[in-house]
2 protein chains.
Amino acid sequence: MSEKQSLYRKSLIKHLYFSGKLSCAELSVLTDKSLPHTARALNDLLEEGVIVESGLATSTGGRRPQVYSMKADFMYVVSVAMDQFITHISILDMANQVVGNIERVELNLLTNPQAIKELAQHLVLYIQKEGIPKEKIAGIGIGMPGFVDGLKGVNYSFFNGNGSNIINYVEGVTGLPVMIDNDSSLIALAEWKLGIARQRQNAMVVNIGWGIGLGMILDGSLFRGENGFAGEFSHIPLFTNNKICNCGKTGCLETETSLQVITGKAIEGLQQGRISTMKGLSTERLEESSRIIMDAAANGDKYAIELISDAAYHIGRGIAILIHILNPGLIVLSGRGAIAGRLWLAPVQQALNEHCIPKIAENIEIKISPLGFNAERLGAASLIMEHFDELPMHRKTKSLQMVS
Amino acid sequence: MSEKQSLYRKSLIKHLYFSGKLSCAELSVLTDKSLPHTARALNDLLEEGVIVESGLATSTGGRRPQVYSMKADFMYVVSVAMDQFITHISILDMANQVVGNIERVELNLLTNPQAIKELAQHLVLYIQKEGIPKEKIAGIGIGMPGFVDGLKGVNYSFFNGNGSNIINYVEGVTGLPVMIDNDSSLIALAEWKLGIARQRQNAMVVNIGWGIGLGMILDGSLFRGENGFAGEFSHIPLFTNNKICNCGKTGCLETETSLQVITGKAIEGLQQGRISTMKGLSTERLEESSRIIMDAAANGDKYAIELISDAAYHIGRGIAILIHILNPGLIVLSGRGAIAGRLWLAPVQQALNEHCIPKIAENIEIKISPLGFNAERLGAASLIMEHFDELPMHRKTKSLQMVS
DNA sequence: GACACTTATTAAAAATTTAATAGAATTATA
DNA sequence: TATAATTCTATTAAATTTTTAATAAGTGTC
């Protein structure tokens, strides 16, 4: 099969992966090729068992189209979702379903300079254990916090930030194609391809977590900036509060709004005698504590609601800036913090009412992500599939090797 | 000639317009077509007298390539550069040179609801007067301030903002293809295609004028947002100064930095006895007054320099936000205010040092536009040429008609 | 039941690329 | 300094890709 044919088939596979089911006519439009051409490629894929016919779609006033979908077990993607403390590894099939077990690894990115080496070791073992043949794995997508240059394969914020090429290293050890990106960008990618921002041309995905991340869909594609650093929403100067941010500056959005800060404020407030149902908070156990606060807020605890509302209002001020600069059609609140759901909406909307020019704000939708914790996992897999039709078909792969 | 051939030739023309001179090999890369295919089209264009051979380029280690360029009189573009008070109309040839006269028309966009009707009348007369046959005019590009939706052809800020379709109207009257866009976007387009941001993938072009405009080049194309309103840099909330902006909100960047505000401050300061060489300032004659201030600053007047430095520092704070969100590679200071040139650079740089994370700021270049007043004119022409390979070749055109 | 509309398939035509070859310049080698 | 090797450009012919046009097959609407 020629390079061109192979590329076109990969493009079809990519579209079917992200859309689930598509007709030949739809694929023809999506790939910008003629119908007979698309039909031929589709029939080939059908014969080879890459895709399956999955019924007829409803008619739109003419003959009902045959729709096709990926065979779920045709191929797999390894997804790695890292945060500063915990890394989750999983394998997804062509229907975006987790197959087998999810591995949870404790990797402290800041204090452990061996984190990438350990990750690679875990990956080799995990893939062996799960028993998926390597030829069936399209690649390994990795999401991580920090300044990530996905082209150079470098994370400047962690792993000593010494500019070493993470992609090359992990590819070398695992023998599989590897792509990396910033966690917030991947969450945006997931929301755009598989979540609530599907089909949108311009969307801002705010990742409420240990910091406030931002992933952007601009003109129908994920925007990463000149060096991959776009979306540093956490550190726009928004306050004159003289609080020192962990980036070294003062007044960053993050200093008043991240889950880490909210937890700190809650503990302080309780010590000062604020009345609340919350207990057991500790800066040592951030994950648990932020959970407690959000649950309390969801259950009507006044102080918890106040804490979240304040943070939400300030995030709203930041979003107002985004709206003026980028005129998006949709704002998505995502990330672990978004679990508190509708609690965020009113204060954010309030901030927009106060700080936006009505004309530019009037067409904006604000939505809470339904993907939740799955967002980064799906994003990491999407990263591989998003570029699936760009990789050489038969990439040279060494066999899985042990790291000594 | 087939539709496809025609389209490809238009694409070649577009590239030659923006680049001046190109070899067949370069065009082949730019248009993503094979060399033989490009060569054939190029030879056709040569035979028909659309393009000319213009010498051999220097060798890069092999045979020297023949370079081609547009015949300057093959086609023309009508450029309309509007600001709130004055509109300039001109005709540019395929070498971006003004041919004939530049017409200056006083059109107050805010107070004159007939402004578009008058513009259309002026256009018809102007084109007749200049004596360029209509078949040789590719179209009319119009730049204007305000919230402009270039697809719908609507300006929501002026002309009553009643949603009437400017494009349809002017096309109807002139019988020529018309495109409209926001002035700052067009300045960015000009800087990107023909100015200091040429070849850049990600650049912010700040238009220092009666307001502070922003045009953005993102991932190698002009970004306009969901409704064409992106770049409302003037109105991001950056101050707690309680000054009411003409957008109705308080604390907008514009309330401390636009030329209008600087002029106001200067008058106030002089009344309060500040020592300065400046005289004859008046809010009535904004254009003249802002000129006086910038000249004074350029000549070392301390007060004028202070005024500009203060404004520049605050613009710098705004740019710091842009940098965090969008991670551009280049910042261009353009517009009438940029004439003060290097005076702006130091305070802007100072603000970036204070407000940017070093890692994200380290690769940023800041430059002053050399295009000056020509930027919007070139941008309006570029708007037509940028979309030249999208328009149908033989658009139905009525003959020029008089407006009664 | 005629008509319009959408999908599916086939054959013919057009677009586009690949491969092969020659020309013209630079760089390397002796 | 001459000569060979290499690199890049230009052109031609053959092969491939891709589209257009024509036709048939289902569906909904008037």
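In what follows, every chain begins at residue 1, and chains take the letters A, B, ... in the order their sequences are listed.
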Provide, to the nearest angstrom, the distance between the [atom1] atom belonging to [X] and the [atom2] atom belonging to [N].
{"X": "Leu42(B)", "N": "dT16(C)", "atom1": "CG", "atom2": "P", "value": "15 Å"}
{"X": "Asp44(B)", "N": "dA15(C)", "atom1": "CG", "atom2": "C1'", "value": "14 Å"}
{"X": "Leu35(B)", "N": "dA22(C)", "atom1": "CG", "atom2": "C1'", "value": "15 Å"}

Verify the neighbour count for atom [atom1] of [X]: are there more than 12 heavy atoms of other residues, nucleotides or ligands below 6.0 Å?
{"X": "Lys367(B)", "atom1": "NZ", "value": "yes"}
{"X": "Glu362(B)", "atom1": "CD", "value": "yes"}
{"X": "Lys136(B)", "atom1": "NZ", "value": "yes"}

Practice item. Tell me which residues in residues 23-33 of chain A put a heavy atom below 4.0 Å from DNA chain C, sorted by number, or none. Key: Cys24(A), Ala25(A)
Practice item. Can you sort out which residues in residues 47-63 of chain B have a heavy atom within less than 4.0 Å of DNA chain C? Ascending by number, please. Key: Ser59(B), Gly61(B), Gly62(B), Arg63(B)
Check your understanding: On DNA chain D, nearest-nucleotide positions of Lys4(A) versus Asn43(B): which is more 5'?
Key -> Asn43(B)
Review point. Closest nucleotide of DNA chain D for Tyr8(A) versus for Arg40(B): which of these residues is on the 5' side?
Key: Arg40(B)
For [X] and [Y], test the side chains for any donor-to-acceptor distance below 3.5 angstrom and give the result as yes or no.
{"X": "Arg64(A)", "Y": "Thr58(A)", "answer": "no"}
{"X": "Ser54(B)", "Y": "Tyr68(B)", "answer": "no"}
{"X": "Tyr17(A)", "Y": "Ser382(A)", "answer": "no"}

Check your understanding: Can a side chain N or O of Gln5(B) be found less than 4.0 Å away from OP1 or OP2 on dA15(C)?
Key -> yes
Please check this pair: side chain of [X] against backbone of [Y], looking for a donor-acceptor N/O pair closer than 3.5 Å.
{"X": "Lys10(B)", "Y": "His387(B)", "answer": "no"}
{"X": "Asp181(A)", "Y": "Ser185(A)", "answer": "no"}
{"X": "Ser28(B)", "Y": "Cys24(B)", "answer": "no"}

Check your understanding: Hey, are the side chains of Leu22(B) and Leu30(B) touching, using non-hydrogen atoms and a 4.5 Å cut-off?
Key -> yes
Check your understanding: With a distance cut-off below 6.0 Å to the six-membered ring centre and an angular limit of 45° from the axis, does Lys14(A) pair with Phe388(A) as a cation-pi contact?
Key -> no
Practice item. Check every nucleotide of DNA chain D for an atom under 4.0 Å from a heavy-atom of chain A, then give the first and the last such nucleotide from 5' to 3'. Key: dT17(D) to dG28(D)
**Study point:** Residue mapping more 5' on DNA chain C - nearest nucleotide basis, Thr38(B) or Ala39(A)
**Key:** Ala39(A)
